[in-house]
Asker: 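This is the structure I want to talk about, given as structure tokens.
Along the sequence shown, residues are numbered consecutively beginning with 1.
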Amino acid sequence: MRFISCAGYYGTGSSAVTDLISEYEGVFNFSKEEFRFLQDPDGISELEYNLIENHNRHNSGHALKRYRKLVDFYCGNIFGKKFEKYFHGNWKKYSYEYIDALTDFSFHGYWMYDFYDRGKFYHFRKRFLNKILSKTIWRKMPDRQLNNMKNEVTLCGAPTEQHFLDVTRKYIENLFGSVCGSSDIIMVDQIVPPSNIKRFLRYFNDLKVIIVDRDPRDLWVLERYVWKDGVIPHEDVETFCKWFKYTRNHRKHEDVNNEKVMLVKFEDLIFHYDETVGMIERFAGLKTEDHREKQLKFEPLKSVMNTQVWCRVKAVPQKEIDYIEKELEEYLYKDFPPENNLIKGKPGFV
């Protein structure tokens, strides 16, 4: 099973590549959902750390339960459908089978973090009751503890690294194979992060990752004056520049252009469309003749209005742009064709 995934830094335009690749025949585009269960806290990467790299009697079993809790969250509920609807009801089934495959045995028991997961009130209520009992009916048994969690089950797993990777690959292929039908290639957005990719490549039999970045001037203006989401720092330009460098720092010591990973500039998809599409085809193993819906999902002529935004939003103080150009000079996009500079005079953006 061949996977292609896009990774970005929030707002950098990875959906443009997702839309582009979904225009090819034989590609199953796995919806607009971001499947982050490999990379997020309590996800599979943390599970590997606690089972393999930092195995001990408490962390490992607790990590299995934390992943199960994440699985339950991603099931969704009546207020919001999440992964179950995308995997045709197989998300919980295959995820629980995966947890079972990594569990050697279990027993009725608990430790402190089982209380921690239930919140401070639950934990301190137990301590309060134990204190009362130790001062009264248990005063001659100072080591006795009240067992509030008789039904709690502790999981124990100590797989080898190879077993963990084999089981993880099978799990991922079972999940996505349950819905992709006869498609040769699966396009999944954000299943791996843009950093530490070598770790995540091990979870797949065949994965290519395309990292998408864009001009920081546009990202600042869009977040500060348009989106105002709060995910990106937008209160002052100095903090934004620190955040931008902080999130891209991994590229200084990590190879992000190799046979498995490719860095693409959002602007190149627009201003150098044919050249960039050809590079993506060669990298991802796509055939030009299979590009049957060309520019029907990713439309460069429409997306061009998402570039050079800093030139068209009148509320932007020039000193902010000057500061970004000084602090983030190495990240600026500088390959605008002269004939496309006319978009600076066009109103609005999409």
Side-chain angles (χ1 to χ4, degrees), residues 3-18 20-21 34-36 38-41 43-46 48-49 187-204 206-224 229 231-234 237-272 275-284 303 306-310 321 323-336:
F3 287 86
I4 303 173
S5 182
C6 286
Y9 301 93
Y10 188 82
T12 55
S14 62
S15 61
V17 173
T18 302
L20 169 69
I21 293 177
E34 293 184 359
F35 295 94
R36 301 175 55 92
L38 295 176
Q39 56 170 302
D40 277 351
I44 287 178
S45 178
E46 285 198 6
E48 180 186 11
Y49 172 75
M187 179 73 228
V188 190
D189 193 26
Q190 308 293 330
I191 199 168
V192 299
S195 57
N196 200 18
I197 292 180
K198 286 184 178 179
R199 179 179 183 86
F200 294 90
L201 289 172
R202 297 156 54 248
Y203 301 153
F204 296 82
D206 189 350
L207 171 67
K208 297 289 184 71
V209 182
I210 300 173
I211 301 173
V212 185
D213 209 351
R214 75 189 302 174
D215 194 303
R217 292 169 292 188
D218 277 341
L219 198 58
W220 163 253
V221 171
L222 288 169
E223 176 63 25
R224 169 73 171 172
D229 290 342
V231 177
I232 299 174
H234 64 274
V237 70
E238 292 85 0
T239 303
F240 168 79
C241 289
K242 291 178 182 178
W243 173 87
F244 196 95
K245 287 186 279 190
Y246 161 76
T247 53
R248 276 80 170 168
N249 184 60
H250 70 96
R251 300 210 303 243
K252 295 184 182 300
H253 53 80
E254 188 176 348
D255 185 7
V256 293
N257 276 301
N258 56 57
E259 62 177 7
K260 295 289 187 180
V261 185
M262 178 183 185
L263 177 64
V264 171
K265 291 292 185 72
F266 172 71
E267 292 84 1
D268 279 335
L269 284 165
I270 296 164
F271 297 113
H272 302 281
E275 178 185 351
T276 305
V277 168
M279 291 171 60
I280 291 173
E281 286 180 347
R282 290 189 292 274
F283 168 75
S303 292
N306 285 318
T307 66
Q308 295 177 291
V309 176
W310 81 87
I321 303 303
Y323 187 85
I324 293 172
E325 291 176 345
K326 176 184 176 183
E327 291 294 315
L328 303 176
E329 195 274 339
E330 65 183 295
Y331 298 102
L332 302 179
Y333 186 76
K334 302 174 183 178
D335 202 15
F336 296 106

Asker: Using a 4.5 Å cut-off on heavy atoms from C-beta on, say whether the side chain of Val209 contacts that of Leu201.
Answerer: yes
Asker: For Phe240 and Pro216, work out which heavy atoms get closest and say how close.
Answerer: CZ-O, 3.5 Å
Asker: Identify the two heavy atoms, one from Val192 and one from Ala7, that lie closest to each other, and give their separation to 0.1 Å.
Answerer: O-CB, 3.6 Å
Asker: Less than 4.5 Å apart, any side-chain heavy atom of Thr307 and any of Asp215?
Answerer: no
Asker: Run the side chain to side chain contact (heavy atoms under 4.5 Å, CB included) test on Asn249 and Lys245 for me, step by step, so that the C-alpha distance in whole Å, both residues' side-chain angles and the decisive distance to 0.1 Å come before the verdict.
Answerer: CA-CA 6 Å; Asn249 184 60; Lys245 287 186 279 190; over 6 Å; no
Asker: Look at the rings of Phe204 and Phe3 and say which category their plane angle falls in: under 30° parallel, 30 to 60° tilted, over 60° perpendicular.
Answerer: perpendicular
Asker: How many angstroms lie between CG in Leu332 and CD in Glu325, if you round to the nearest 0.5 Å?
Answerer: 6.0 Å
Asker: To the nearest 0.5 Å, what is the distance between CZ (Arg282) and CD1 (Ile280)?
Answerer: 10.5 Å
Asker: So, Asp213 side chain and Lys265 main chain: donor-acceptor pair closer than 3.5 Å or not?
Answerer: no
Asker: How many angstroms lie between atom CD of Glu259 and atom NZ of Lys208, to the nearest 0.5 angstrom?
Answerer: 7.0 Å
Asker: Using side-chain heavy atoms (C-beta onward) and a distance below 4.5 Å, is Ile211 in contact with Met262?
Answerer: no
Asker: Below 30° counts as parallel, above 60° as perpendicular, anything between as tilted: where do the rings of Phe336 and Phe271 land?
Answerer: perpendicular
Asker: Any sub-3.5 Å donor-acceptor pair from Glu254's side-chain atoms to Asn196's backbone N or O?
Answerer: yes
Asker: Is the backbone of Asp189 close enough, under 3.5 Å, to the side chain of Thr18 for a donor and an acceptor to pair up by distance?
Answerer: no
Asker: Go through the structure and list residues passing ring pair (Phe, Tyr, Trp, His ring centres under 6.0 Å) with Phe283, not counting sequence neighbours.
Answerer: none
Asker: Under the side-chain hydrogen bond (donor to acceptor under 3.5 Å, both in side chains) rule, what pairs show up with a residue in residues 5-15, not counting sequence neighbours?
Answerer: Tyr9-His250, Tyr9-Arg251, Tyr10-Asp229, Ser14-Gln190
Asker: Show, in sequence, the C-alpha distance, side-chain angles and deciding distance for Lys260 and Leu207, and conclude whether the side chain to side chain contact (heavy atoms under 4.5 Å, CB included) test is met.
Answerer: CA-CA 7 Å; Lys260 295 289 187 180; Leu207 171 67; over 6 Å; no
Asker: Cys6 versus Met187: any side-chain heavy-atom pair under 4.5 Å?
Answerer: yes
Asker: I'd like to check the side-chain contact (heavy atoms from CB on, under 4.5 Å) partners of Lys198; sequence neighbours left out, ordered by chain and number.
Answerer: none
Asker: Rounded to the nearest 0.5 Å, how far does CG of Leu328 lie from CZ of Arg217?
Answerer: 10.0 Å
Asker: Show the nearest heavy-atom pair for residues Tyr203 and Ser45, with the distance to one decimal.
Answerer: OH-CA, 3.5 Å
Asker: Supply the atom-to-atom distance Leu263 CG to Asn257 CG, rounded to the nearest 0.5 angstrom.
Answerer: 5.5 Å
Asker: I'd like to know whether Ile270 forms a side chain to side chain contact (heavy atoms under 4.5 Å, CB included) with Asn306, so could you lay out the CA-CA distance, the side-chain angles of the two residues, the decisive distance to 0.1 Å, and finally the verdict.
Answerer: CA-CA 10 Å; Ile270 296 164; Asn306 285 318; 5.8 Å; no
Asker: Check the pair Val256 / Ile197 against side chain to side chain contact (heavy atoms under 4.5 Å, CB included), numbers first and verdict last.
Answerer: CA-CA 8 Å; Val256 293; Ile197 292 180; 5.5 Å; no
Asker: Could you measure the distance from the NZ atom of Lys334 to the CD atom of Glu267? Nearest 0.5 Å is fine.
Answerer: 13.0 Å
Asker: Which of these passes side-chain contact (heavy atoms from CB on, under 4.5 Å) with Leu219: Tyr331, Phe266, Phe244?
Answerer: Phe244
Asker: Does the side chain of Arg214 come within less than 4.5 Å of Tyr333's, by heavy atoms?
Answerer: no
Asker: Salt-bridged, Glu330 to Lys252, with N to O below 4.0 Å?
Answerer: yes
Asker: Below 4.5 Å, heavy atoms only, C-beta onward: do Trp243 and Glu238 meet side chain to side chain?
Answerer: no
